[in-house]
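Protein chains get the first letters and strands the later ones, always in sequence-line order, with residue 1 at the start of each. Values below: every heavy atom of this structure, side chains too, minus hydrogens, waters and symmetry copies.
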Number of protein chains: 2
Amino acid sequence: MLVRGVTGMARVVPETRDEILAAAARRFAVSGYRGTSLQDIAGEVGCSKAAVLYHFANKDAILTELMAPAIGMLQALDERIAAHSGAAAQRVAGEGFVDLAVRFRREIALLRGEFPELLQQPAFAHIQRISERLIEALAGHPERPAARIAALVVLAGISEACGEFADIPDEELRPALLALVRRALEPVD
Amino acid sequence: MLVRGVTGMARVVPETRDEILAAAARRFAVSGYRGTSLQDIAGEVGCSKAAVLYHFANKDAILTELMAPAIGMLQALDERIAAHSGAAAQRVAGEGFVDLAVRFRREIALLRGEFPELLQQPAFAHIQRISERLIEALAGHPERPAARIAALVVLAGISEACGEFADIPDEELRPALLALVRRALEPVD
DNA sequence: GATCGATCTGACCGATCGGTCAGCATCTGA
DNA sequence: TCAGATGCTGACCGATCGGTCAGATCGATC
């Protein structure tokens with residue numbers, strides 16, 4: 001590593017592990033997961049590729065750790081949705097997903113465009129089921145194609161556009177997305 | 001190549017070139033552009049990788065040819081939008097984009113998640129400018145953040161969800177998307 | 001001062017990628 | 001009959017990928 005703390009002070013600089021996570025987040029956001037190599041991350045941190053693989057078992061482990069908080073909130077949302085039905089489930093799903101998107105928009109942006117492939121990995125397998133239930137709840141009338149289409153577009157649109165929202169403050173983004181979701185989804189009678 | 005026409009008949013089987021295009025479209029739709037190798041395409045056609053590169057200068061050329069009709073329609077839409085302003089531009093943009101998405105949803109699905117990287121290629125550079133103008137027109141009030149957010153989500157959502165619409169007939173998909181766009185976008189006073 | 005675990009490095013591995021190339025059939029037109 | 005264009009193949013290339021490994025460095029502990 002480069003000079004860490006000119007004097008003998010202990011813990012002057014954050015751990016290399018944290019630097020790797022931060023660097024990976026930056027690069028994933030710019031070039032996507034597959035578009036970022038371990039060498040890219042190592043170069044940004046200023047260490048060797050082997051050092052990255054000393055702190056993380058493999059490349060997937062870095063992404064998994066970055067996404068863990070967002071995935072946790074998604075699972076919690078799924079359980080809250082399951083406790084409701086009809087219009088209540090739609091409201092919980094809509095507001096909950098907006099909260100999730102606002103809070104973790106930077107993390108969601110890391111997956112930009114790689115949802116389908118990444119979701120096929122065993123580590124993310126359950127997320128696919130959760131998102132299907134999310135779409136059902138958002139649609140309100142899952143058997144009505146137009147309602148499913150609206151839910152799909154809203155879900156995919158917010159997820160995919162998260163990368164563009166990085167500079168918008170929470171208190172501005174949240175009401176805008178909430179209003180959009182309420183307008184776009186078909187109401188449950 | 002495999003046996004082409006048991007008898008001596010001429011042109012019994014479609015050209016290998018067309019088979020390559022069709023196979024590439026199928027594989028790109030399943031695994032994305034970067035997730036599909038020339039070897040994958042060759043394997044599906046039943047020819048060698050070198051045969052693929054005999055018919056196409058490189059991998060990009062295959063995607064460019066697959067996307068050419070959709071890109072043409074997008075450019076035409078851009079010109080029609082430029083001829084209007086305010087509420088009229090918003091209506092032209094919304095209806096035009098829905099038409100484009102319905103007509104070319106299979107082609108748009110090929111780009112699933114690879115928009116950002118692919119758009120940085122010189123061949124697709126102008127598309128980025130077009131989509132920015134499209135967002136402005138859809139937003140109606142480009143200076144109002146909530147309006148831009150709605151336009152962004154609708155545009156990204158429809159583009160990203162196109163892959164799920166393959167089996168929905170045009171006459172069902174079009175009115176559903178049109179109604180969604182009209183509900184979701186902020187009206188221009 | 002010897003030991004030991006934590007941290008990190010450079011060299012290396014096999015696999016895969018997009019792409020090139022010389023040459024082999026096959027067909028066609030002179 | 002033969003020359004040339006067309007279509008295609010297998011072998012090969014350099015680059016890059018994720019990942020492994022033996023060993024160097026170093027601070028803390030006994």
Side-chain angles (χ1 to χ4, degrees), chain A residues 1-24 27-28 30-66 114 117-118 120-123, chain B residues 1-24 27-28 30-66 114 117-118 120-123:
Chain A
M1 272 305 311
L2 300 175
V3 188
R4 297 187 155 279
V6 183
T7 71
M9 297 174 56
R11 291 272 160 270
V12 179
V13 175
E15 315 262 358
T16 302
R17 190 172 200 281
D18 295 337
E19 290 181 34
I20 292 172
L21 278 175
R27 297 305 303 245
F28 289 165
V30 171
S31 309
Y33 176 72
R34 279 196 292 180
T36 299
S37 69
L38 293 174
Q39 187 58 64
D40 290 335
I41 299 170
E44 184 143 334
V45 173
C47 67
S48 69
K49 187 181 64 171
V52 174
L53 287 166
Y54 168 78
H55 288 285
F56 296 91
N58 48 47
K59 193 184 172 187
D60 283 349
I62 303 176
L63 182 65
T64 302
E65 185 155 329
L66 284 172
E114 320 210 36
E117 287 78 11
L118 292 176
Q120 285 174 358
Q121 286 185 322
Chain B
M1 273 304 309
L2 299 175
V3 188
R4 298 188 153 276
V6 182
T7 70
M9 295 174 56
R11 293 272 159 272
V12 179
V13 175
E15 315 262 358
T16 301
R17 190 173 201 281
D18 295 337
E19 291 181 34
I20 292 172
L21 278 176
R27 298 304 305 246
F28 289 166
V30 171
S31 309
Y33 175 73
R34 278 196 292 182
T36 300
S37 69
L38 293 174
Q39 188 58 61
D40 289 335
I41 299 170
E44 183 143 332
V45 172
C47 68
S48 67
K49 187 181 65 171
V52 174
L53 288 165
Y54 169 77
H55 288 286
F56 296 90
N58 49 47
K59 195 183 172 188
D60 284 349
I62 304 176
L63 182 66
T64 301
E65 185 155 329
L66 284 172
E114 321 211 35
E117 286 79 11
L118 291 175
Q120 285 174 359
Q121 287 185 322

Those residues of residues 58-65 of chain B lying under 4.0 Å from DNA chain D by at least one heavy atom: none
Nearest-Å distance for atom pair CG/C1', residues A:L53 and D:dG18: 7 Å
From CD1 (B:I62) to CZ (B:R17), nearest 0.5 Å: 9.0 Å
Earlier contact from the 5' end, DNA chain D, for B:A51 and A:Y33: B:A51
Nucleotide N/O of nucleotides 10-12 of chain D paired with protein N/O under 3.5 Å:
none

B:D18 CG - D:dG7 P separation (whole Å): 12 Å
Where at least one partner belongs to residues 33-52 of chain B, residue pairs that pass ring-ring contact (aromatic ring centres under 6.0 Å, His included), sequence neighbours excluded: B:F28-B:Y33
Inter- and intrachain pairs under salt bridge (Lys or Arg N to Asp or Glu O under 4.0 Å), touching residues 45-56 of chain A, at least two apart: none
Distance (rounded to the nearest 0.5 Å) between B:I41 CD1 and B:I20 CD1: 8.5 Å
Report all side-chain donor-acceptor pairs from residues 51-58 of chain A shorter than 3.5 Å, counting only partners two or more places apart or in another chain.
residue, atom, partner, partner atom, Å
A:N58, OD1, A:D60, N, 3.3
A:N58, OD1, A:A61, N, 3.0

Contacts of type side-chain hydrogen bond (donor to acceptor under 3.5 Å, both in side chains), residue A:Q39, not counting sequence neighbours: none
Under-4.0 Å side-chain N/O to phosphate OP1/OP2 contact, A:T16 with C:dT7: no
Protein-nucleotide distance (A:D40, atom CG; D:dG18, atom P), rounded to Å: 8 Å
C:dC8 phosphate, OP1 or OP2, under 4.0 Å from A:Y54 side-chain N/O: no
Rounded distance (Å) that lies between atom P of D:dT16 and atom CD1 of A:I41: 17 Å
side-chain N/O A:H55 vs C:dA6 OP1/OP2, d < 4.0 Å: no
Pairs involving residues 35-48 of chain A, ordered by first then second residue, that meet salt bridge (Lys or Arg N to Asp or Glu O under 4.0 Å) (sequence neighbours left out): A:R26-A:E44, A:R27-A:E44
Distance, rounded to the nearest Å, where A:Q39 contributes CD and D:dG18 contributes P: 9 Å
